[in-house]
Participant: 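I am attaching a structure below and will ask some questions about it afterwards.
Chain identifiers are assigned alphabetically (A, B, ...) following the order of the sequence lines, protein sequences preceding nucleic acid strands; residue numbering begins at 1 within each chain. As a basis for the values below, the full set of heavy atoms in this structure was taken, side chains included, without hydrogen atoms, waters or symmetry mates.
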Amino acid sequence: MNIASVIVDVPAKQTDKPFDYLIPEQYKEVIVPGVRVNVPFGPRNIQGFVTGLKTESNFKKLKSIAEPLDLTPVLNPELLELGDWLTEHSLCYKISAFQAMLPAALKAKYEKKLILAPKAALNDLPEEVRHLFAGGKEAKWEEAVEQGLIDTLKKVAARGLVEVVYQVKDRVRKKRLRHISPTVDQSVMKSQFDQLAANAKGQRVLIEYFLQHPEPVELRALLSSLSISQASVKGLVKKGILGEQDLEVYRDPYEAREFQRKEALQLTSAQKDAIEPVLSSINEDRHEVFLLYGVTGSGKTEIYLQSIQKVLSKGQEAIVLVPEISLTPQMVKRFKERFGDLVAVMHSGLSAGEKYDEWRKIQRREVKVVVGARSAIFAPFENLGIIIIDEEHETSYKQEENPRYHARDVAIQRGLTHRCPVVLGSATPSLESFARAQKGVYTLLSLPERMNQQPLPKVELVDMREELRQGNRSMFSSLLFEKLQDRLEKGEQTVLFLNKRGHSSFVMCRDCGYVINCPNCDITLTYHRHKEQMKCHYCGFEDIVPAVCPECASEHIRYFGTGTQKVEEELNKLLPEARVIRMDVDTTGRKGSHEKLLNAFQEGAADILLGTQMIAKGLDFPNITLVGVLSADTMLHLPDFRSSEKTFQLLTQVSGRAGRHELPGEVVIQTYTPEHYSIELAGSQDFDRFYQQEMVARKVHKYPPFYYLSLITVSHEELMKAVSITEKITRFIASRLSQEAVILGPVASPIPRINNRYRYQCLIKYKKEPELKSALKAILDHYQQESASSTLQISMDLNPYILM
DNA sequence: AGCACGCCGACT
DNA sequence: GTCGGCGTGCTC
């Protein structure tokens with residue numbers, strides 16, 4: 001086994017296969033499948049993953065691996081195989097699959113440098129390039145490029161005076177801190193202690209300390225706790241009594257927080273019925289998918305916790321996925337309180353270094369439970385006992401870039417290999433999952449009632465057209481306003497929800513109706529107040545708001561759309577005594593600010609919490625007795641077959657925030673289309689009827705769960721090319737599929753142009769097309785320039801959530 | 001992805 | 001005649 005197969009870090013069709021390398025004798029032990037290596041590839045060095053070992057290669061002249069980058073594999077055999085599965089199911093490159101499974105910190109960073117040849121001196125170089133080397137032996141390539149010195153350097157390189165080198169670097173290093181420990185045994189320390197000079201007070205204290213605690217201790221902590229100076233330590237190190245070493249420490253994002261350990265709660269009989277099948281599946285090492293369908297506040301989390309408890313007692317591990325966890329600090333708290341240090345937390349709010357450290361804890365078997373967002377599904381556990389996906393209907397479980405995977409599918413795949421249960425929990429299951437539960441593919445577990453027998457909040461729908469007719473032009477209906485005032489008087493809290501998406505503030509001329517668009521994309525620019533700027537959310541274009549209309553020169557240019565800022569202003573006007581906390585992207589940008597705002601609200605620092613999507617989840621405060629939805633239908637009219645489902649889920653979710661404890665809750669939903677079934681049925685909180693109605697609609701329009709979808713998006717700088725290539729692809733697909741398949745295209749994408757690239761697409765609806773995948777692969781093969789040339793890009797999504 | 005090799009236009 | 005444009009193909 002002196003040859004390694006390596007997947008190299010070049011995401012391109014042509015390099016998406018293993019390359020063989022010789023294993024240098026001194027690395028025989030470390031180079032095993034799953035370790036990252038640094039390999040020569042063409043003229044440069046790049047990172048790669050060892051996927052297998054062998055004794056022979058078809059290739060004649062093999063190069064050698066330059067160096068291993070890990071001492072233990074970062075991908076275990078299961079994850080290597082899962083990488084194959086991911087590649088196959090999402091049609092991505094193998095390297096992309098591997099990288100998606102690891103923390104970003106492990107992705108290579110490349111540095112191109114110039115180094116002075118050993119035989120050359122600085123003075124041998126032409127004068128104009130000498131300063132680049134700034135006294136040392138190295139120069140940065142980028143700097144040379146910026147100063148236009150590449151040509152000169154090329155000539156110098158030809159004379160053998162400088163060399164170009166490529167370096168592979170890890171993005172983040174393990175954090176190491178200096179530790180001190182005794183290097184001699186107790187008796188020696190004691191005898192040294194007696195020989196200390198009378199004025200060596202610090203050294204005395206130190207030896208006394210280490211006689212008690214011989215284990216390594218972090219230097220700075222030691223200095224401050226013994227209140228001595230570094231000089232004393234140095235003195236003993238010099239005498240050979242103490243030694244210094246750098247040990248790895250973890251960056252702990254929850255370090256400052258104390259978590260009180262809590263015991264399991266008594267389960268209600270409904271909870272007992274629901275958890276029983278899960279427990280027996282755990283006991284029997286049986287893979288089974290459960291859909292835990294429980295209304296908000298029905299105690300799903302306790303079921304998760306006790307199932308995990310069971311898994312841990314068997315010596316196994318657990319993965320819990322939650323949608324974007326930084327949004328639910330309460331959830332983290334519950335897990336940390338129950339399982340303490342056994343929990344690792346992974347979410348987007350952590351720095352790359354912090355994420356890496358959490359991942360290391362898993363890899364080193366120091367934790368048994370991981371709570372995290374989508375990518376935590378790849379946690380490198382080897383003895384998984386359960387996978388839980390909370391709020392399983394959330395669309396954030398689908399990754400919208402390559403590899404385009406759905407965490408639910410990965411979970412089930414891993415559940416199969418580990419022979420362990422997968423629990424999907426939701427108060428508003430996705431149609432796909434619910435349909436599978438109905439068919440018996442998943443096992444349905446129901447929690448139809450709230451735990452403390454609190455009734456679900458009373459929901460009232462307000463027809464905003466009627467309000468308008470009665471002359472109320474404000475964004476608050478008279479009913480909502482009344483209730484708001486009432487809560488203020490009683491000192492109870494209100495949550496106001498505004499779904500900004502699809503209605504974000506755009507800039508329009510009131511005279512001619514001209515809307516300001518992005519020059520590069522077919523999308524309106526969004527107005528950002530704090531910088532008095534307009535921004536494109538797709539290409540990043542920014543511009544100042546014009547004083548006059550670019551079309552008709554009118555000065556009546558205004559921003560439209562009800563943003564949270566505007567609501568806040570109006571609240572301040574109408575209810576000046578009310579204290580408002582606003583939560584949206586602008587106010588929660590900084591790390592930890594989200595939690596700070598929520599804590600402030602919980603402690604009663606405000607009467608009204610006003611926010612977007614992000615407040616729909618996980619809020620569980622006793623004093624909230626009113627929830628207001630300012631405009632329920634903003635997302636209903638998006639070009640998305642899931643818009644009804646999303647509307648229903650969101651409204652149900654938000655309503656669930658009210659009256660979760662002793663005080664009863666009320667919900668007011670304002671809408672312009674109260675007759676729409678998703679709004680009406682969210683009003684009556686009737687998931688079953690919504691499910692039936694929506695299933696009919698899906699069946700009629702041939703959408704999931706009746707049909708599978710695949711979306712091909714072609715983008716090109718030239719409109720005609722985009723159209724004609726999409727057309728060719730569409731015809732090719734049609735020729736390869738059966739009559740049952742529905743092929744829609746070519747049509748312009750809902751956003752027809754992004755960053756000056758025209759976008760056309762082809763949507764395929766099908767039930768069973770064994771040929772589809774090979775046809776899609778053939779297309780990718782044929783247009784293999786795909787990412788190589790910037791002119792043509794083809795993206796494929798085998799189960800799109802966003803049809804854009 | 002980089003980079004080299006290779007074949008056609010406008011210039012010292 | 002050459003310098004340099006970026007199309008094509010290769011990297012174990």
Participant: Sequence neighbours excluded, which residues qualify as ring-ring contact (aromatic ring centres under 6.0 Å, His included) partners of A:H89?
Facilitator: A:W85
Participant: Would you please name every residue forming a ring-ring contact (aromatic ring centres under 6.0 Å, His included) with A:Y708, sequence neighbours left out?
Facilitator: A:Y766
Participant: Reading DNA chain C 5' to 3', which nucleotide is the first, and which the last, to come under 4.0 Å of any heavy atom in chain A?
Facilitator: C:dC10 to C:dC12
Participant: With sequence neighbours left out, which residue pairs that include part of residues 49-66 of chain A fulfil the salt bridge (Lys or Arg N to Asp or Glu O under 4.0 Å) condition?
Facilitator: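 Counting only pairs at least two positions apart or across chains, the salt bridge (Lys or Arg N to Asp or Glu O under 4.0 Å) contacts touching residues 49-66 of chain A are A:D20-A:K54.
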Participant: Suppose we screen for side-chain contact (heavy atoms from CB on, under 4.5 Å). Which residues come up paired with A:Y801, at least two apart in sequence or across chains?
Facilitator: A:T395, A:K398, A:E400, A:H406, A:R408, A:E432, A:R642, A:N799
Participant: Can you name the ring-ring contact (aromatic ring centres under 6.0 Å, His included) partners of A:Y21, sequence neighbours left out?
Facilitator: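 If we apply the ring-ring contact (aromatic ring centres under 6.0 Å, His included) test to A:Y21, skipping adjacent residues, there are no hits.
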Participant: Please name all residues satisfying side-chain contact (heavy atoms from CB on, under 4.5 Å) with A:V723, sequence neighbours left out, ordered by chain then number.
Facilitator: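 Testing A:V723 for side-chain contact (heavy atoms from CB on, under 4.5 Å), a comparison that skips the adjacent residues, returns A:L719, A:Y760.
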Participant: Tabulate atom names and distances for all N/O pairs under 3.5 angstrom spanning the protein and nucleotides 2-6 of chain B.
Facilitator:
from: B:dG2; atom 1: OP1; to: A:R44; atom 2: NH1; distance (Å): 3.0
from: B:dC3; atom 1: OP1; to: A:K112; atom 2: NZ; distance (Å): 2.8
from: B:dC3; atom 1: OP1; to: A:Y166; atom 2: OH; distance (Å): 2.3
from: B:dC3; atom 1: OP2; to: A:K112; atom 2: NZ; distance (Å): 3.3

Participant: Report the relative orientation of the aromatic rings in A:F49 and A:F98; use parallel for angles under 30°, tilted for 30 to 60°, perpendicular for over 60°.
Facilitator: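 Tilted, since the angle between the ring planes falls between 30° and 60°.
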Participant: Filter on ring-ring contact (aromatic ring centres under 6.0 Å, His included), then keep only pairs touching residues 53-75 of chain A, sequence neighbours left out; what's left?
Facilitator: none
Participant: Can you sort out the partners of A:V10 under side-chain contact (heavy atoms from CB on, under 4.5 Å), two or more places apart, ordered by chain and number?
Facilitator: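 For A:V10, the residues satisfying side-chain contact (heavy atoms from CB on, under 4.5 Å) (neighbours in sequence not counted) are A:V8, A:A12, A:T15, A:F41, A:R44, A:I46.
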Participant: My understanding is that only residues two or more places apart in sequence, or in another chain, count here; which of them pass side-chain hydrogen bond (donor to acceptor under 3.5 Å, both in side chains) with A:E67?
Facilitator: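 Only A:N38 meet the side-chain hydrogen bond (donor to acceptor under 3.5 Å, both in side chains) criterion with A:E67.
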Participant: What are the residues of residues 51-64 of chain A, sorted by number, that bring a heavy atom to within less than 4.0 Å of DNA chain C?
Facilitator: A:F59, A:K61, A:L62, A:K63
Participant: Please classify the nucleic acid contact of A:Y21 as base, sugar-phosphate, or nothing, using heavy-atom distances under 4.0 Å.
Facilitator: sugar-phosphate
